[in-house]
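The structure appears right after this line, and notes come after that.
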There are 2 protein chains.
Amino acid sequence: MKNEILKHLSKYIPITEELEEELSKIEFIKFFTKGTILLEEGKISNECFFIIKGCIRSFYNKDGEEKTTEFYSEEQAVVPSAYGNKIPSKYYLECIEDTIAGVGTPELETEIYQKFPQIESLNRALGEVIMAKYQDTFAEFKMTSPEERYLALLKNRPDLIQRVPQHQIASYLGIKPESLSRIRKRIMK
Amino acid sequence: MKNEILKHLSKYIPITEELEEELSKIEFIKFFTKGTILLEEGKISNECFFIIKGCIRSFYNKDGEEKTTEFYSEEQAVVPSAYGNKIPSKYYLECIEDTIAGVGTPELETEIYQKFPQIESLNRALGEVIMAKYQDTFAEFKMTSPEERYLALLKNRPDLIQRVPQHQIASYLGIKPESLSRIRKRIMK
DNA sequence: TGTCTTTCTTAACTTAAGTCAACGAATTAG
DNA sequence: CTAATTCGTTGACTTAAGTTAAGAAAGACA
């Protein structure tokens, strides 16, 4: 399982034997069953996740209704916006499948960064890329209709349609389940 | 004018005389007239901006229509998503008022970071905060109606309503100018 | 100053999403 | 395996945004 993380890292930086050994010493791979709440609204976040297998969603509670805002799956990092800060989280994180993930803490990060500064640089660079991608996703959302957004999702993350309940997809697209149902009917003409 | 930048920095880190002197040596404050295009779609971005006075907007060109996605004003940093990368920009940056701004380049940044590492740490920390704020803004956008979004804008950035043409606000809210006009009529009952 | 352009509003009409309610299908739990 | 819950679809109706077009108001410019 740790191989998955090394495999991912190796796309960006050379894996030295020392690094491999160091990472294998740390016990930070965890298993979560479907339905596990990883973070609750109002709680302080002290863990970030790197998904090896499975799927995690973030959702807000708006007047008793769950509003799904993101889905994270294999090879994606989940860094709560309040991670490391002492700010209470505004949203929940839930495993919507049995999930295997690497779990990071601020302390562990500091330790690794000290030993392997190249990982800190990498994380910073990846952070910038993610930020740019995020801006773009937001702009795209503003510029398109719910139907266009659904078609884009079908194209870009077809796996999600299979593994995630439709009412969560609807909420992710900013619409009600009934509307998504009608959109689906409309487009398969 | 450079005082403005020092004033801003001083909120976060102590300003040493050395730092003050160093920053004052650098000629990086520039003046742009209303209408100046700072970045064009397809162009590589090599400048970021810190607004001292004025207002900048980012917009995409979607099938010939301008879609405004963000407004930046006093004390805000404008970092194009393609800044420093060699990726062509997907959007435009335009001064919508006469604007005075500090202009940064990757080279200048590297230089300053080497001399004052605390500024690099600060920028990283601020980057994380901005990222978290951004996530929250997106979630909020998904969860609210155009009318609620307009009311929130009135509350959070009342100055924008005065200084920005309404059709740009409309596009920023994800709707057409006619709809914004009707929303305005609706809410002042 | 007066003309041209941009901006904002209004109206009539179309389109699609929200709401409420009902029902069958699928999934989960005991 | 059955009962209970969750999930997805459909229909009738409401509400609000998109579209098209026209005209008034405000700004820019020469």
Side-chain angles (χ1 to χ4, degrees), chain A residues 32-37 54-55 57 59 61-68 71 92 94-99 141-154 160-189, chain B residues 32-37 54-55 57 59 61-68 71 92 94-99 141-154 160-189:
Chain A
F32 306 99
T33 56
K34 180 174 178 176
T36 304
I37 301 290
C55 193
R57 72 171 175 131
F59 66 92
N61 181 322
K62 171 110 179 168
D63 313 319
E65 252 193 304
E66 292 184 2
K67 300 282 188 175
T68 299
F71 296 105
Y92 296 77
E94 179 195 12
C95 296
I96 53 178
E97 293 177 359
D98 288 345
T99 297
F141 190 93
K142 270 189 191 172
M143 295 192 290
T144 54
S145 68
E147 181 166 335
E148 291 172 300
R149 298 201 284 264
Y150 180 68
L151 290 170
L153 189 67
L154 268 182
L160 279 189
I161 280 66
Q162 307 306 322
R163 63 207 288 194
V164 170
Q166 248 167 61
H167 66 277
Q168 287 177 11
I169 302 265
S171 151
Y172 175 72
L173 296 173
I175 57 175
K176 299 279 174 236
E178 295 93 329
S179 294
L180 178 55
S181 191
R182 273 176 299 207
I183 287 172
R184 282 161 54 83
K185 198 179 176 184
R186 209 189 297 150
I187 61 180
M188 50 157 167
K189 27 132 219 299
Chain B
F32 306 99
T33 56
K34 180 174 177 174
T36 305
I37 301 289
C55 194
R57 72 169 176 132
F59 65 93
N61 182 321
K62 171 109 180 170
D63 314 318
E65 253 193 305
E66 292 184 2
K67 301 281 187 176
T68 300
F71 297 106
Y92 296 78
E94 180 196 11
C95 297
I96 52 177
E97 294 177 359
D98 289 345
T99 297
F141 190 93
K142 269 188 190 172
M143 295 192 289
T144 54
S145 67
E147 181 165 335
E148 291 173 301
R149 297 202 285 265
Y150 180 68
L151 289 171
L153 190 67
L154 267 182
L160 279 187
I161 279 71
Q162 306 306 322
R163 63 208 289 195
V164 169
Q166 249 167 62
H167 65 277
Q168 286 176 13
I169 301 266
S171 150
Y172 174 73
L173 296 173
I175 56 175
K176 298 278 174 240
E178 296 90 333
S179 294
L180 177 54
S181 192
R182 273 176 300 207
I183 287 172
R184 282 160 55 82
K185 198 179 176 185
R186 210 188 297 152
I187 61 179
M188 50 157 169
K189 27 133 219 301

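Every value quoted in this text rests on a predicted model; they were computed, and no experiment measured them. Just so it is clear: chains get the letters A, B, ... in the order the sequence lines come, proteins before strands, and each one is counted from 1.
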Exercise for the section: For B/Arg182, report the nucleic acid contact type (base, sugar-phosphate, nothing); a contact means any heavy atom under 4.0 Å. Expected result: base
Problem - Presence of B/Gln166 side-chain N/O under 4.0 Å of C/dT9 phosphate oxygens OP1/OP2 - result: yes
Handout entry: Whether A/Phe141 and B/Phe141 hold their rings parallel, tilted or perpendicular, with breakpoints at 30° and 60°
Key = perpendicular
Handout entry: Listed nucleotide nearest any side-chain atom of B/Pro165, set D/dG18, C/dA21, C/dT7
Key = C/dT7
Handout entry: Among C/dT10, C/dT28, D/dA17, the nucleotide that comes nearest once only the side chain of B/Arg186 is considered
Key = D/dA17
Practice task
Using a cut-off of strictly less than 4.0 Å, decide whether B/His167 has a side-chain nitrogen or oxygen near OP1 or OP2 of C/dT6.
Solution key: no
Practice task
Give a yes or no on whether B/Lys62 atom NZ has more than 12 heavy-atom contacts from other residues, nucleotides or ligands under 6.0 Å away.
Solution key: yes
Exercise for the section: Give a yes/no on whether any side-chain N or O of B/Ser181 is located under 4.0 angstrom from OP1 or OP2 of C/dT9. Expected result: yes
Practice task
Establish, with yes or no, whether the OP1 or OP2 oxygen of C/dA11 is under 4.0 angstrom from a side-chain nitrogen or oxygen of B/Lys185.
Solution key: yes
Exercise for the section: Using the side-chain hydrogen bond (donor to acceptor under 3.5 Å, both in side chains) rule, take A/Ser145 and A/Glu148 through it: C-alpha gap first, then chi angles, then the decisive distance, then the call. Expected result: CA-CA 5 Å; A/Ser145 68; A/Glu148 291 172 300; 3.2 Å; yes
Handout entry: Charged N-O contact under 4.0 Å between A/Arg57 and A/Glu66
Key = yes
Fill in the blank from the handout: Of the candidates D/dG18, C/dT9, D/dA28, the side chain of B/Ile175 sits closest to D/dG18
Exercise for the section: May I ask you to evaluate whether A/Lys34 reaches the phosphate of C/dT28, defined as a side-chain N or O under 4.0 Å from OP1 or OP2? Expected result: yes
